[in-house]
Amino acid sequence: MPELPEVEVTRRGFADRIAGARIESVRVGKPLRWALAVEPGALAGRGVLGVRRRGKYLLVDLDAGLLLMHLGMSGSLRFDTALPAPGTHDHFDLVTSRGTLRLNDPRRFGAVVYVEDEASPLARKLLGGLGMEPLGDGFDFEAFHAGLRRRRAPIKQVLLAGDVVVGVGNIYASEALFLAGIRPTLSAARISRPRALRLHAAVRDILARAVERGGSTLRDFSNVDGQSGYFQLEATVYGRKGEPCRVCATPVRMMRQGQRATYFCPVCQKH
DNA sequence: AAAAGCCCCTGGATGC
DNA sequence: TGCATCCAGGGGCTTT
């Protein structure tokens, strides 16, 4: 569900409010993707230092250890001092002195995992292979281009894989490639330098813009206060199969790449 | 090493 | 209205 912008908007929505809180209790509902990996009661009494993001993971730093949270396809977080009794899909509550952080995740592809530190085997397994952060200063073009050159797979799938650059999900991959004028099937290794420059800028711009708009093209994304982000940012090609391209009016095409839908304009993205 | 498939799970939309 | 089918924002794991 959530791509980088939604995860970042989620983080900003509660990071300052939860920092400095003390954990009072932890409630675990139905199993998520992985087990919490700590006895819930063992977290009571610990302090919350802050919340960082790495790719689509949220890292909740405690005064001892940290929680890795992932929203999967259908997860969302709420943070409030007065939440109703947990519903069917509320599978994790972190009850703190400042409020309760609650994960709602119908499909349960998400996860909350405790690790002692980022060097732990589990943290390394999950975070170790992640690529560059697209927002901020670390998104170096030369490294990006070098990353593309060593991959022969279609550029759409290289963007999605997250080992060159993180945070680009299925919607924003199509959107960024449209913005850059690049055909999603083009082998990443065959992208010329000028076009790689356009893609580098497109990835950054599309994600930054979505963060600014407060989250997204996603129909059922809601922020930590429970407000919906219903089509705050209109998709240019994603989900618009058969509809006219906003630039040239040619019908947008849909195809499948690795079991995921890809949308593109055959004219604006010739190769 | 890289690439391609396979799953995990639930709910909503669509079609008969 | 009822039921079957398809599809969905992710990504780790297994197999080529």
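Small disclaimer: the values here were computed from a predicted structure and weren't measured. Within every chain, numbering begins at 1; the chains are lettered A, B, ... in the order of the sequence lines, protein sequences first and strands thereafter.
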* Asked: Can you tell which of C:dG12, B:dA3, B:dT10 lies closest to the side chain of A:Lys30?
  -> B:dT10
* Given the side-chain rings of A:Phe139 and A:Phe144, with only the six-membered ring counted for Trp, is the space between their centroids under 6.0 Å? -> yes
* To do: Select one nucleotide: of B:dA3, C:dG10, B:dC9, the one nearest the side-chain heavy atoms of A:Ala153.
  => B:dA3
* Asked: Separation of A:Arg108 atom CZ from C:dG10 atom C1', in whole Å?
  -> 16 Å
* **Pi stacking test for A:Phe109 and B:dC9: under 5.5 Å apart, planes under 30°** => no
* Structure fact -> Comparing nearest nucleotides in DNA chain B, the 5'-proximal residue of the pair A:Gln259, A:Arg152 is A:Arg152
* To do: Answer yes or no: side-chain N or O of A:Arg107 and base N or O of B:dC9 forming a donor-acceptor pair under 3.5 Å.
  => yes
* Does a side-chain N or O from A:Tyr238 land closer than 4.0 Å to OP1 or OP2 of C:dA8, or not? -> no
* Asked: Would you say a side-chain N or O of A:Arg260 is under 4.0 Å from OP1 or OP2 of C:dG10?
  -> yes
* OP1 or OP2 of C:dG12 under 4.0 Å from side-chain N/O of A:Arg33 -> no
* Classify the nucleic acid contact of A:Ala161 as base, sugar-phosphate or nothing, counting any heavy atom under 4.0 Å across all strands shown. => nothing
* **Beyond-backbone contact of A:Ser174 with A:Phe264, side-chain heavy atoms, under 4.5 angstrom** => no
* Structure fact -> Partner of B:dA2 under the Watson-Crick or G-U wobble criteria, both distances under 3.5 Å, comes out as C:dT16
* Structure fact -> Out of C:dG10, C:dG12, C:dA8, minimum distance to the side chain of A:Trp34 belongs to C:dG12
* **Closest nucleotide among B:dA2, C:dG12, B:dG11 to the A:Pro106 side chain** => B:dG11
* To do: Give a yes or no on whether the backbone of A:Gly47 and the side-chain of A:Asp63 come within a donor-acceptor separation of less than 3.5 Å.
  => yes
* Asked: Base, sugar-phosphate alone, or nothing: which one does A:Gly258 contact when heavy atoms must sit under 4.0 Å apart?
  -> nothing
* To do: Could you tell me whether the side chain of A:Arg190 reaches within less than 4.5 Å of the side chain of A:Arg152, counting heavy atoms only?
  => no
* Asked: Taking only side-chain nitrogens and oxygens of A:Gln157, does any of them come within less than 4.0 Å of OP1 or OP2 of B:dA3?
  -> no
* Distance check: side-chain N/O of A:His89 vs OP1/OP2 of B:dT10, anything under 4.0 Å? -> no
* Asked: Taking the side chain of A:Asn170 as heavy atoms from C-beta outward, which of B:dC9, C:dG10, C:dA8 is closest to it?
  -> C:dG10
* **Per A:Arg256 side chain, nearest of listed nucleotides C:dG12, C:dA8, B:dC6** => C:dA8
* Structure fact -> Per nearest nucleotide of DNA chain C, the residue lying toward the 5' end, A:Gly167 or A:Lys125, is A:Gly167
* A:Glu133 side chain to A:Gly138 backbone, donor-acceptor under 3.5 Å -> no
